[in-house]
S.K.: 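Submitted below is the structure of interest, expressed as structure tokens.
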There are 2 protein chains.
Amino acid sequence: MRHFSDISATAQRLVDVAQALIQQHGYNGFSYDDIAREVGIKKPSIHHHFATKAELVRIVVQRYAHTFGALLEQIDARHQDAGARLLAYAELFAQTYQNERRLCLCGILGAEADALSADVALEVRGFFQFNLAWLVKTMELGAAAGALRLRGGAKEQAYALLAVLEGAMLVGRGLGSDGSPAAAGQTYISNLLA
Amino acid sequence: MRHFSDISATAQRLVDVAQALIQQHGYNGFSYDDIAREVGIKKPSIHHHFATKAELVRIVVQRYAHTFGALLEQIDARHQDAGARLLAYAELFAQTYQNERRLCLCGILGAEADALSADVALEVRGFFQFNLAWLVKTMELGAAAGALRLRGGAKEQAYALLAVLEGAMLVGRGLGSDGSPAAAGQTYISNLLA
DNA sequence: GTCTATATAAAGATAGAC
DNA sequence: GTCTATCTTTATATAGAC
């Protein structure tokens with residue numbers, strides 16, 4: 001199976017545009033023609049790069065997850081404190097939403113899970129799994145340092161923090177507000193402070 | 001403009017099926033033909049009851065919001081304690097998700113906000129607004145009784161709790177897990193306990 | 001690698017008979 | 001109130017020329 005790092009410059013542009021369209025309109029909300037218009041080539045040309053929509057989206061998610069994983073490593077490198085790391089994590093979601101109210105790619109795809117091919121669903125699942133693993137690790141660090149109080153356990157708190165951030169984007173859209181997931185994340189994290 | 005309480009028995013069945021389809025597949029993920037097959041009539045017959053898809057969905061959301069509002073009143077009638085009310089609130093979302101992993105109707109529609117007609121978007125917005133108002137009121141009650149500690153303010157905590165519940169459904173789907181929003185809600189609420 | 005042309009299916013919606 | 005037939009548009013995808 002193809003890997004996102006193995007694609008041409010044109011294919012990368014297609015992936016860029018596809019990602020933005022999914023974050024704005026969802027899997028069922030965009031078409032090859034939408035991409036074609038944005039990129040400036042004709043619809044059938046896209047099939048030369050990605051035979052099916054499912055294959056295109058699989059690469060989109062694969063790259064998104066990879067990039068996100070790299071951002072988590074950056075956070076670890078820049079911040080030693082668990083609380084600071086969690087706030088930086090929330091900022092990742094805030095930056096996404098601030099950009100035309102885009103949703104987390106895997107958030108919207110998670111909601112549309114049953115419309116996805118098995119391959120895409122697997123990539124989405126992987127995204128959530130490594131995010132939760134990182135959050136658990138970070139929270140346990142904070143608890144060990146005595147900075148965080150994890151009622152119910154690190155796993156439960158990690159799940160809830162991830163849910164707050166994903167949910168804040170979706171509620172923000174429903175309200176038609178620019179209110180950032182950062183605020184909801186900060187509220188959540190402040191509740192954990194010992 | 002028509003009101004949901006003013007529709008025929010057949011129209012009600014259409015609304016029932018449409019609601020379930022949206023909660024499972026989203027606004028862009030179902031068609032008049034999907035409803036027709038489920039209800040056992042032909043596609044054009046639906047247009048007799050609802051001229052457009054937007055009008056059908058507007059009624060779906062209107063009824064959903066009304067029903068949800070009544071459930072909030074039931075919670076107030078059954079529980080005096082703010083903590084118990086919040087837990088019962090989380091249970092509402094859990095019950096929805098337990099039913100074939102259905103999402104909150106307004107959660108998924110919020111995510112698809114830009115695909116909605118202005119009328120539908122307004123109904124969705126109203127749903128979130130009265131939910132937040134109820135949560136703020138309930139949280140302030142708990143704070144006044146000394147049971148809850150609302151760091152950052154009731155408004156912020158209300159927003160975050162709503163986000164947790166909406167987000168937990170979407171993350172659960174992405175993970176392919178049955179794990180309930182109730183767990184995330186309980187985690188959140190336990191963090192508020194004084 | 002991109003194009004035009006085309007196949008095929010599904011979408012929302014309308015017309016008019018029963 | 002429901003049906004058949006049809007319109008129009010859009011979707012994913014393929015064939016084959018350049």
Side-chain angles (χ1 to χ4, degrees), chain A residues 1-2 4-22 24-61 108-109 112 114-121, chain B residues 1-2 4 6-22 24-61 108-109 112-121:
Chain A
M1 222 181 289
R2 201 156 44 135
F4 80 90
S5 60
D6 212 38
I7 57 177
S8 71
T10 304
Q12 280 186 51
R13 272 233 66 201
L14 297 172
V15 170
D16 290 342
V17 173
Q19 180 183 323
L21 285 168
I22 297 169
Q24 284 166 320
H25 312 294
Y27 184 85
N28 285 323
F30 84 102
S31 73
Y32 267 32
D33 215 31
D34 294 328
I35 304 175
R37 267 192 294 272
E38 183 84 12
V39 172
I41 63 174
K42 295 298 175 183
K43 186 168 59 158
S45 305
I46 302 176
H47 285 281
H48 172 76
H49 299 279
F50 300 100
T52 66
K53 190 179 180 180
E55 170 65 2
L56 166 59
V57 175
R58 189 181 66 78
I59 298 289
V60 169
V61 181
I108 178 91
L109 289 179
E112 293 177 296
D114 57 62
L116 308 178
S117 72
D119 284 346
V120 174
Chain B
M1 221 180 291
R2 201 156 45 136
F4 79 91
D6 211 38
I7 59 178
S8 71
T10 304
Q12 279 186 53
R13 273 234 64 202
L14 298 172
V15 170
D16 290 341
V17 172
Q19 181 183 323
L21 285 169
I22 297 169
Q24 284 166 319
H25 312 295
Y27 184 85
N28 285 323
F30 84 103
S31 73
Y32 267 33
D33 216 32
D34 294 328
I35 302 176
R37 268 192 294 273
E38 183 83 11
V39 172
I41 64 174
K42 296 296 175 181
K43 184 169 61 155
S45 305
I46 302 175
H47 285 281
H48 173 77
H49 300 279
F50 300 98
T52 65
K53 191 180 180 182
E55 172 65 3
L56 166 58
V57 175
R58 188 181 66 80
I59 297 290
V60 169
V61 181
I108 178 91
L109 290 179
E112 292 177 296
D114 57 63
L116 308 179
S117 72
D119 284 346
V120 174

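Letters A, B, ... mirror the listed sequences (proteins, then strands); counts begin at 1.
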S.K.: Tabulate below the donor-acceptor pairs under 3.5 Å that side-chain atoms of residues 30-37 of chain A make, not counting sequence neighbours, or state none.
M.R.:
unit_1  : atom_1 : unit_2  : atom_2 : d
A/Ser31 : OG     : A/Asp33 : N      : 3.3
A/Ser31 : OG     : A/Asp34 : N      : 3.3
A/Ser31 : OG     : A/Asp34 : OD2    : 3.4
A/Tyr32 : OH     : A/Phe50 : O      : 3.1
A/Tyr32 : OH     : A/Thr52 : O      : 3.0
A/Tyr32 : OH     : A/Lys53 : N      : 3.2
A/Asp33 : OD2    : A/Arg37 : NH1    : 3.1
A/Asp34 : OD1    : A/Arg37 : NH2    : 3.1
A/Asp34 : OD2    : A/Ser31 : N      : 2.9

S.K.: Is the shortest side-chain heavy-atom distance between A/Ser8 and A/His49 below 4.5 Å?
M.R.: yes
S.K.: Can you list every salt bridge (Lys or Arg N to Asp or Glu O under 4.0 Å) pair that touches residues 6-18 of chain A, not counting sequence neighbours?
M.R.: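 Listed once each, the pairs are A/Asp16-A/Arg63.
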S.K.: Can you pull every protein N or O that's under 3.5 Å from an N or O on nucleotides 5-11 of chain C?
M.R.:
unit_1 : atom_1 : unit_2  : atom_2 : d
C/dA11 : OP1    : B/Ser31 : OG     : 3.1

S.K.: Can you list the residues that meet the side-chain hydrogen bond (donor to acceptor under 3.5 Å, both in side chains) rule with A/His25, with sequence neighbours excluded?
M.R.: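 side-chain hydrogen bond (donor to acceptor under 3.5 Å, both in side chains) check on A/His25 returns B/Asp114.
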S.K.: Does any pair with a residue in residues 41-52 of chain A pass salt bridge (Lys or Arg N to Asp or Glu O under 4.0 Å), and if so which ones, sequence neighbours excluded?
M.R.: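 Qualifying pairs: none.
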S.K.: Could you give the start and end, 5' to 3', of the contact zone on DNA chain D for chain A, using atoms under 4.0 Å from its heavy atoms?
M.R.: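 Extent of the interface on DNA chain D: D/dA11 to D/dT14.
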S.K.: I want to check something: taking the side chain as every heavy atom from C-beta on, are B/Val61 and B/Ile22 in contact at a cut-off of under 4.5 Å?
M.R.: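 No; the side chains remain at least 4.5 Å from each other.
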S.K.: Flag the pair B/Arg2 / B/Ile7 as yes when at least one side-chain heavy-atom distance between them is below 4.5 Å, and no otherwise.
M.R.: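 Yes; the side chains approach each other to less than 4.5 Å.
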